[in-house]
2 protein chains.
Amino acid sequence: MTLKHSKQRDAIYGFLKDRKDHPTADVIYEAVRKKEPNISLGTVYRNLSVLKETGMIRTVEVGDGAVHFDADVSNHNHFICTECGCVEDIEMKSIDKVREIASENFDGKITGFNTYFYGLCSDCLEKRKA
Amino acid sequence: MTLKHSKQRDAIYGFLKDRKDHPTADVIYEAVRKKEPNISLGTVYRNLSVLKETGMIRTVEVGDGAVHFDADVSNHNHFICTECGCVEDIEMKSIDKVREIASENFDGKITGFNTYFYGLCSDCLEKRKA
DNA sequence: ACTTATAACAGTAACAGTTATCAATATTGA
DNA sequence: TCAATATTGATAACTGTTACTGTTATAAGT
């Protein structure tokens with residue numbers, strides 16, 4: 001199945017790649033609709049899944065029921081605020097050490113991992129102090 | 001809202017605490033039905049959510065669309081096989097170091113984290129070799 | 001440019017997991 | 001035993017997502 005070009009897919013990826021938050025399919029749909037008013041929600045889901053398969057985007061499982069999407073496929077992890085639900089990137093040098101530690105105690109083969117951090121984002125932390 | 005005792009909740013927790021896999025609500029429902037044939041799926045969901053709120057169980061977000069449940073609330077992490085989808089506990093001494101590393105590069109407050117490991121479980125690894 | 005093959009589309013119905021509603025029942029404390 | 005209310009079973013509703021269908025857009029060959 002060779003990919004064909006489509007402006008809908010362009011619009012979706014174009015929107016996502018400028019983003020550092022991690023929108024859901026629904027948010028992406030509403031946003032892309034401003035450029036492509038006739039786009040269908042099904043098209044958004046279909047293309048997000050194609051983009052994921054081709055490795056252009058990744059998914060982030062926040063645990064709120066919906067899947068979030070991230071056009072930054074570099075090796076990084078995520079922080080989820082338990083108060084406002086926002087999702088932020090979190091940079092960690094030396095996190096790859098984690099895989100080594102885990103592999104020592106496991107007899108299968110570990111190919112990758114995701115770490116999700118929970119807590120209060122700096123905004124919510126500020127609001128609590130006030 | 002003070003909790004009242006219920007045999008349905010007992011049955012659910014009783015089933016879950018003997019388990020080292022991480023069943024979904026649906027699996028729990030089918031299993032508990034053998035002891036409590038009249039139990040409703042809604043009751044299962046309701047009690048799982050109560051048990052989680054009271055800290056007796058925790059949820060595991062495997063990323064397969066359904067929420068998995070774990071009666072082991074001790075500090076441990078999970079491995080998800082990308083082939084068969086099974087979920088296993090993974091023991092890691094010194095994983096708490098991860099939080100420290102992450103906190104250094106983040107200006108909110110990190111209260112906890114979950115790491116999900118992906119790869120091939122020992123069974124699937126064996127099958128591939130054969 | 002015209003044709004053909006097929007990926008992608010919009011629209012919508014269907015689906016899975018979960019939550020909410022509600023009248024009836026079970027548990028608790030007085 | 002009685003009243004207060006948490007819990008229940010049954011079911012309807014809701015949400016995020018996927019599948020289906022007839023139509024349109026894209027790419028490649030002529």
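Throughout, a chain's letter reflects where its sequence line sits, starting with A, and its residues are numbered from 1.
- Between the CZ atom of A:R33 and the P atom of C:dC9 there is a distance of 16 Å, given to the nearest Å.
- Across the protein-nucleic acid pair, B:E61 atom CD and C:dT18 atom C1' stand 13 Å apart, rounded to whole Å.
- Within the model, atoms CG of A:L120 and NZ of A:K129 stand 10.5 Å from one another, a figure rounded to the nearest 0.5 Å.
- Here C:dA26 presents its P atom at 14 Å from CD1 of B:I39, a figure rounded to the nearest Å.
- Annotation: side chain of A:F106 is not in contact with side chain of B:S122 (no heavy-atom distance under 4.5 Å).
- The CG-C1' distance, from A:L3 to C:dC9, rounds to 15 Å in whole Å.
- In terms of position along DNA chain C, the nucleotide closest to A:S40 lies nearer the 5' end than the nucleotide closest to the other residue of the pair A:S40 and B:V67.
- Note on A:F69 and A:V87: separate hydrophobic clusters, where clusters join Ile, Leu, Val, Met, Phe, Trp and Tyr whose side-chain heavy atoms are under 4.5 Å apart, directly or indirectly.
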N/O contacts under 3.5 Å, protein versus nucleotides 19-22 of chain D?
none

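- Closest contact between the side chain of A:T43 and the listed nucleotides D:dT26, C:dA10, D:dA10 involves C:dA10.
- To the nearest 0.5 Å, atoms SG (A:C121) and CD1 (A:I80) are separated by 12.0 Å.
- For DNA chain C, the neighbouring residues in residues 6-32 of chain A, judged by any heavy atom under 4.0 Å, are A:S6, A:Q8, A:R9.
- Looking at B:Y116, its side chain never comes within 3.5 Å of a backbone N or O of B:V62 through a donor-acceptor pair.
- Taking atom CG of B:N38 as the reference point, atom P of D:dT11 lies 12 Å away to the nearest angstrom.
- Per the geometry, CG belonging to A:L41 stands 11 Å off C1' belonging to C:dG11, to the nearest Å.
- Within the nucleic acid shown, B:S49 has no heavy atom closer than 4.0 Å to any nucleic acid atom.
- Closest contact between the side chain of A:N47 and the listed nucleotides C:dT28, C:dA10, C:dC9 involves C:dC9.
- Taking side-chain N and O atoms only, B:Y45 has a distance below 4.0 Å to OP1 or OP2 of C:dT18.
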Kindly indicate, with the supporting measurements, whether the criterion salt bridge (Lys or Arg N to Asp or Glu O under 4.0 Å) is fulfilled by B:R128 and B:E83.
CA-CA 10 Å; B:R128 283 223 177 160; B:E83 194 131 316; 2.6 Å; yes

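- Here the side chain of B:K4 is nearest to one of C:dT28, D:dT5, C:dA7, namely D:dT5.
- Using a 4.5 Å heavy-atom cutoff, the side chains of A:D70 and A:I57 are not in contact.
- Counting to the nearest Å, the P atom of D:dA28 and the NE2 atom of A:H5 are 12 Å from each other.
- Both B:V32 and B:Y29 are part of a single hydrophobic cluster, where members link through side-chain heavy atoms under 4.5 Å apart.
- Annotation for B:A71 and B:L16: closest pair CB-O, 3.6 Å, computed over non-hydrogen atoms.
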